[in-house]
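For reference, the structure discussed in these notes is given below.
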Amino acid sequence: MLVLWVSVVAATALAAPDPGASGQRRGAAGVWPVAPNVVLVASDSFDGRLTFYPESQVVKLPFINFMKAHGTSFLNAYTNSPICCPSRAAMWSGLFTHLTESWNNFKGLDPNYTTWMDIMQKHGYRTQKFGKLDYTSGHHSISNRVEAWTRDVAFLLRQEGRPMVNLIPKKTKVRIMEEDWKNTDRAVNWLRKEASNYTQPFVLYLGLNLPHPYPSPSSGENFGSSTFHTSLYWLKKVSYDAIKIPKWLPLSEMHPVDYYSSYTKNCTGKFTEKEIKNIRAFYYAMCAETDAMLGEIILALHQLDLLQKTIVIYTSDHGELAMEHRQFYKMSMYEASAHVPLLIMGPRIKANLQVSNVVSLVDIYPTMLDIAGVPLPQNLSGYSLLPLSSETFKNEHEFRNLHPPWILSEFHGCNVNASTYMLRTNQWKYIAYSDGTSVLPQLFDLSSDPDELTNIATKFPEITYSLDQKLRSIINYPKVSASVHQYNKEQFLKWRRSVGQNYSNVIGNLRWHQDWLKKPRKYESAIDQWLNTHSNPKKKSEQKLENNVLEQHTEIC
């Protein structure tokens with residue numbers, strides 16, 4: 001009841017007009033008489049489809065629902081790279097991944113890169129960051145890096161352990177992800193003890209790790225797996241009967257890249273319906289815990305009489321497949337992985353507005369500067385979202401002149417054996433790989449195939465060609481793929497030299513050791529062949545890898 005009461009009061013505060021509104025500040029939306037505060041909460045691995053019907057019915061998310069009711073929801077928001085560090089690099093720089101060259105979870109922005117927060121600070125904002133950042137470099141293992149660098153090599157190895165669940169059987173256990181709760185508490189304390197006393201506007205960033213799955217125990221049967229971990233308290237927030245069991249294509253019918261990803265994620269074996277449903281239920285419960293942390297920030301702003309003066313933005317770096325398409329984690333352009341939540345509420349932000357235009361995380365940077373009244377640089381990949389969400393916005397057609405009717409996402413990291421590029425428009429999702437010829441593309445009509453089970457690229461060659469030409473006009477993706485391929489070789493060689501004579505032992509005991517140690521000479525030879533291939537290396541290695549994948553299809557099926 002207390003939460004309900006606070007929500008009602010907060011709603012009233014948001015609806016109240018700003019006192020003494022006179023004059024305006026520069027910005028795309030006509031904006032505010034006084035610079036508003038800004039709070040950005042960015043979680044990890046949150047499937048954006050949970051923020052709207054019908055997926056929203058599966059789990060109780062009261063504070064996300066509060067933001068929906070009192071702000072603007074972007075129904076088609078996407079990551080620019082479905083993995084932590086490259087995605088966050090795009091969010092903090094306003095640039096596409098091929099421009100930041102954040103190719104994997106170890107390579108992000110330069111530590112001295114000027115972010116939107118740096119610019120806002122120069123223009124009078126007090127700034128503070130708590131929690132997960134990961135835009136300069138992710139804190140990831142040597143195994144992660146080697147797996148990303150060697151993804152072009154002609155072998156197929158299980159890089160992950162089989163996904164699992166772990167339940168704390170306590171109905172009263174609320175704080176499961178303790179580090180996230182600590183950072184949330186720090187953010188709330190900062191609001192209470194410092195921000196509430198500022199005469200200048202402030203911008204606060206809170207980065208959460210949830211609902212990212214937890215690492216498994218370091219040894220044993222599930223070594224290297226990901227654990228979906230929660231308590232009975234949070235599971236009670238999940239409607240078990242509403243959980244959808246995703247449809248899977250037969251292994252023999254999977255796209256070669258999808259099959260490779262499923263194999264490396266240890267998901268090509270048999271899963272019972274109960275296993276799949278439990279993984280999804282635990283994931284949704286972790287989303288509920290994430291929502292509660294967002295709620296702590298919203299409630300603190302209300303209690304401090306700051307809610308009506310503060311723009312609150314909630315988003316995520318990417319989604320979570322949670323066993324859709326026979327995969328968990330992200331690293332995919334399917335909706336569960338690439339679709340992110342994006343909600344904005346605050347003074348002069350339209351309430352209960354749902355925007356269908358496609359947008360992406362690179363739009364955060366110009367939106368932040370627009371809120372601060374700072375002129376936007378010309379080199380950004382993104383566009384301000386204020387014309388879509390502010391009260392001065394008239395209709396979605398106006399936005400088409402400001403934001404292109406497409407978004408770009410790309411992936412160059414581990415668990416996927418070819419650089420991947422997604423062009424998303426209102427109806428179509430086009431996915432191209434590598435050089436555009438050695439791996440077949442995918443085309444989905446999301447209006448008639450929301451589960452993305454039917455690749456119609458060959459059925460509609462004219463549409464496929466047109467979208468591919470549009471993609472090439474945005475990014476020379478064969479050239480980018482070749483650059484990443486060369487980068488991977490150089491980084492692997494540098495690492496191999498660094499471990500010296502211990503190389504065979506180190507590489508043989510990475511997360512893939514259970515497969516690798518069966519034929520270590522075979523796999524080391526495959527790496528040597530990859531490193532020694534100079535003429536058109538991308539096509540040759542990918543063709544061999546594709547043949548290898550097809551052989552694996554035959555063996556398993």
Side-chain angles (χ1 to χ4, degrees), residues 25-29 31-32 35-44 72 74 77-81 84-97 99-102 108-137 187 190 195 198 200-208 297 310-318 340-347 349 359-390 402-403 407-408:
R25 300 172 67 255
R26 286 182 61 186
V31 242
W32 303 268
N37 307 310
V38 190
V39 173
L40 172 59
V41 178
S43 65
D44 199 305
T72 297
F74 291 87
Y78 289 86
T79 180
N80 300 106
S81 186
C84 299
C85 189
S87 172
R88 291 166 187 269
M91 186 194 309
W92 284 84
S93 69
L95 299 176
F96 291 137
T97 298
L99 300 176
T100 65
E101 297 187 347
S102 175
L109 300 176
D110 185 282
N112 297 319
Y113 191 93
T114 301
T115 68
W116 49 261
M117 184 173 276
D118 296 324
I119 295 176
M120 291 177 80
Q121 186 175 33
K122 290 178 182 177
H123 284 79
Y125 271 76
R126 305 293 290 267
T127 65
Q128 185 57 268
K129 296 178 281 194
F130 293 101
K132 185 172 184 176
L133 295 173
D134 274 19
Y135 61 81
T136 56
S137 176
W190 181 81
Y198 289 154
Q200 299 167 270
F202 65 82
V203 56
L204 168 66
Y205 170 85
L206 173 62
L208 302 174
I297 301 298
T310 304
I311 291 180
V312 181
I313 303 174
Y314 171 65
T315 191
S316 181
D317 58 351
H318 50 72
V340 298
L342 183 53
L343 307 164
I344 304 177
M345 73 173 187
I349 298 297
V359 298
S360 65
L361 293 180
V362 289
D363 297 328
I364 295 288
Y365 190 112
T367 301
M368 288 293 196
L369 298 195
D370 210 1
I371 291 170
V374 178
L376 305 185
Q378 295 299 309
N379 67 328
L380 296 179
S381 303
Y383 296 78
S384 172
L385 298 175
L386 291 189
L388 277 178
S389 57
S390 76
L402 301 172
H403 192 297
I407 64 91
L408 171 70

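- The two atoms that bring Ser384 and Asp370 nearest to each other are OG-OD2, 2.6 Å, heavy atoms only.
- Summarising the geometry, atom OG belonging to Ser93 is positioned 12.0 Å from atom CG belonging to Asp110; distances are rounded to the nearest 0.5 Å.
- The side-chain heavy atoms of Tyr365 and Met91, taken from C-beta on, include no pair separated by under 4.5 Å.
- A side-chain donor-acceptor contact under 3.5 Å links Ser381 to the backbone of Phe96.
- At a threshold of 4.5 Å between non-hydrogen side-chain atoms, the residues Ser316 and Leu342 do not count as touching.
- A donor-acceptor pair is defined here as one N or O able to donate and one able to accept, closer than 3.5 Å; no such pair exists between the side chain of Ser389 and the backbone of Thr72.
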Step by step, work out the side chain to side chain contact (heavy atoms under 4.5 Å, CB included) result for Gln128 and Tyr205.
CA-CA 6 Å; Gln128 185 57 268; Tyr205 170 85; over 6 Å; no
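- With hydrogens and angles left out, the side-chain atoms of Tyr135 and Ser87 include no donor and acceptor closer than 3.5 Å.
- One finds the CE atom of Met120 at 7.5 Å from the CG atom of Leu369 (value rounded to the nearest 0.5 Å).
- Every residue was checked against the ring pair (Phe, Tyr, Trp, His ring centres under 6.0 Å) condition with Phe74, not counting sequence neighbours, and none meets it.
- In this structure, Thr100 contributes its side chain and Thr97 its backbone to a donor-acceptor pair below 3.5 Å.
- Between Leu40 and Val203, every side-chain heavy-atom pair lies at or beyond the 4.5 Å cut-off.
- A 4.5 Å side-chain heavy-atom check between Leu206 and Lys132 finds every atom pair outside the cut-off.
- Atom CG in Leu380 sits 10.5 Å away from atom CG in Leu99 (nearest 0.5 Å).
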Under the side chain to side chain contact (heavy atoms under 4.5 Å, CB included) criterion, do Leu386 and Ile371 qualify, and how do the steps go?
CA-CA 8 Å; Leu386 291 189; Ile371 291 170; 4.1 Å; yes
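- Counting heavy atoms from C-beta outward, Met345 and Ile313 have side chains that stay 4.5 Å or more apart.
- Annotation: Tyr125 is not in aromatic contact with Trp116 [ring centroid separation under 6.0 Å not met].
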Step by step, work out the side chain to side chain contact (heavy atoms under 4.5 Å, CB included) result for Lys122 and Val374.
CA-CA 10 Å; Lys122 290 178 182 177; Val374 178; over 6 Å; no
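- Side chains of Asp118 and Thr115: a donor on one and an acceptor on the other come within 3.5 Å.
- Put simply, the side chain of Thr315 gets close to the backbone of Pro341: a donor and an acceptor are under 3.5 Å apart.
- The two residues Ser102 and Gly108 make their nearest non-hydrogen contact at OG-CA, 3.5 Å.
- Side chain of Gln121 to main chain of Thr127: no donor-acceptor pair is present (N/O by atom type, distance under 3.5 Å, no hydrogens or angles).
- A side-chain donor-acceptor contact under 3.5 Å links Ser360 and Asn80.
- A salt bridge links Arg88 to Asp317: one of the charged nitrogens lies within less than 4.0 Å of a carboxylate oxygen.
- Summarising the geometry, atom CD1 belonging to Ile344 is positioned 7.5 Å from atom CD1 belonging to Ile311; distances are rounded to the nearest 0.5 Å.
- Figure legend: cation-pi geometry between Arg126 and Phe202 absent, as NZ or CZ is not positioned both under 6.0 Å from the six-membered ring centre and within 45° of its axis.
- Counting heavy atoms from C-beta on, the side chains of Val38 and Thr310 never come closer than 4.5 Å.
- The closest side-chain heavy-atom distance from Phe130 to Leu204 is below 4.5 Å.
- Pairing each heavy atom of Leu376 with each of Pro366, the nearest pair is CD2-O, 3.5 Å.
- Side-chain contact between Cys84 and His318 is present, with at least one heavy-atom pair separated by less than 4.5 Å.
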